[in-house]
Number of protein chains: 2
Amino acid sequence: MREAEIYKALGDPLRLQIVTRLASGSTYTIGELSKNLGVTRQGARKQLQVLVSAELVQLIPKGRETVVALEVEKLTAARQFIAQLERQWDQRLQDLKALLEDGSDKP
Amino acid sequence: MREAEIYKALGDPLRLQIVTRLASGSTYTIGELSKNLGVTRQGARKQLQVLVSAELVQLIPKGRETVVALEVEKLTAARQFIAQLERQWDQRLQDLKALLEDGSDKP
DNA sequence: ACAATATGCAACTAATTGGTTGTATATTGT
DNA sequence: ACAATATACAACCAATTAGTTGCATATTGT
């Protein structure tokens, strides 16, 4: 179940906060992003690498600094996968209901 | 960022497979669910406990066996949180665009 | 009553993870 | 040219995790 990787990437408080910042804030470089996270810059950088491996963010070197960019398509894919689970679950409930009604549509 | 817990729960191949089965299949008891997962029953049970702690599944003892039930509301919450991130990201892009257009709505 | 079944609980191990510190390298502004 | 800045890379550490084996306990069907 390779789809797990993206949830694993999101499944850490620090990383989720980073992603949240990237989605809503105007933070750009690694240095800026690493501020006020309660960990050292190297600590933040390490988590950033996890997000890169999961292809949730991209690092773009620009001169002496590096710009961090969110890859929103991955978020979309993660959301859609969950949506599909929900749909399957709904279907199962409907099937069960139909079974209880014994195939007929008695009111 | 306490929201991370649910993604962490989903962020393991075995656990995600369990959730997928619960959503789509007709597996019910712990024993049934543990079959064909490539791990021992106790191994599966341990992962099941993680899902219970994240309130993604519920265990309902029934006689000598235990029924495993998916709590779909948690999935919904997880999906909605991601959807919100996507929306924020969209908004940010729009703001940026507006800024580039210098505030006016020149065609 | 008793054998089979379904589960629970605990100890142990190997691997992974989240974080640190310390050092080296490249880029920029004056 | 050089000091300041932004980042990279590696070694190390404690905690967590994913899985195992082994044993105990409760429930059910005949």
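To find a chain, count down the sequence lines: A is the first, B the second, and so on, and within it residues start at 1.
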The helix from C:dA1-D:dT30 to C:dT30-D:dA1: angle between end helix axes, five pairs per end, rounded to 10 degrees: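 Inter-axis angle at the termini of the helix from C:dA1-D:dT30 to C:dT30-D:dA1: 30°.
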Take atom [atom1] of [X] and atom [atom2] of [N], then tell me their distance rounded to the nearest Å.
X       : N      : atom1 : atom2 : answer
A:Ile60 : D:dT7  : CD1   : C1'   : 16 Å
B:Leu48 : D:dT17 : CG    : C1'   : 16 Å
A:Leu59 : D:dA6  : CG    : P     : 16 Å
A:Lys35 : D:dT5  : NZ    : P     : 11 Å
B:Ile30 : C:dC9  : CD1   : C1'   : 13 Å
A:Gln17 : C:dG18 : CD    : P     : 15 Å
A:Glu32 : D:dT5  : CD    : C1'   : 13 Å
B:Leu33 : C:dT7  : CG    : C1'   : 14 Å

I'd like to check the side-chain contact (heavy atoms from CB on, under 4.5 Å) partners of [X]; sequence neighbours left out, ordered by chain and number.
X       : value
B:Lys8  : none
A:Glu65 : A:Thr29
B:Val57 : B:Leu22, B:Leu48, B:Leu51, B:Val52, B:Val68, B:Leu70

Side-chain N or O of A:Arg45 closer than 4.0 Å to phosphate OP1/OP2 of D:dC9: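 For A:Arg45, the contact criterion (side-chain N or O under 4.0 Å from OP1 or OP2 of D:dC9) is not met.
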Residue pair B:Ala44 / B:Val39: nearest heavy atoms and the distance that separates them: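 So the two residues come closest at N-CG2, 3.8 Å.
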Smallest separation among heavy atoms of A:Ile6 and A:Ala78, with atom names: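 Where A:Ile6 meets A:Ala78 most closely, the heavy atoms are CD1-CB, 3.7 Å.
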Most 5' of B:Val67 and B:Lys8 on DNA chain C, judged by nearest nucleotide: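 Residue closer to the 5' terminus by nearest nucleotide: B:Val67.
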Throw together a table of side-chain donor-acceptor distances under 3.5 angstrom for residues 81-89 of chain A, partners on residues two or more places apart or in other chains.
residue, atom, partner, partner atom, Å
A:Glu86, OE1, B:Arg79, NE, 2.3
A:Glu86, OE1, B:Arg79, NH2, 3.3
A:Glu86, OE2, B:Thr76, OG1, 2.5
A:Glu86, OE2, B:Arg79, NH2, 3.2

Could you tell me if the side chain of [Y] sits less than 4.5 Å from the side chain of [X], heavy atoms only?
X       : Y       : answer
A:Met1  : B:Leu14 : no
B:Leu56 : B:Glu71 : no
B:Asn36 : B:Arg21 : yes

Letter per nucleotide, 5' to 3', of nucleotides 19-30 of chain C [B base touched, S only sugar-phosphate touched, - untouched; heavy atoms, 4.0 Å]: BBBB----BS--
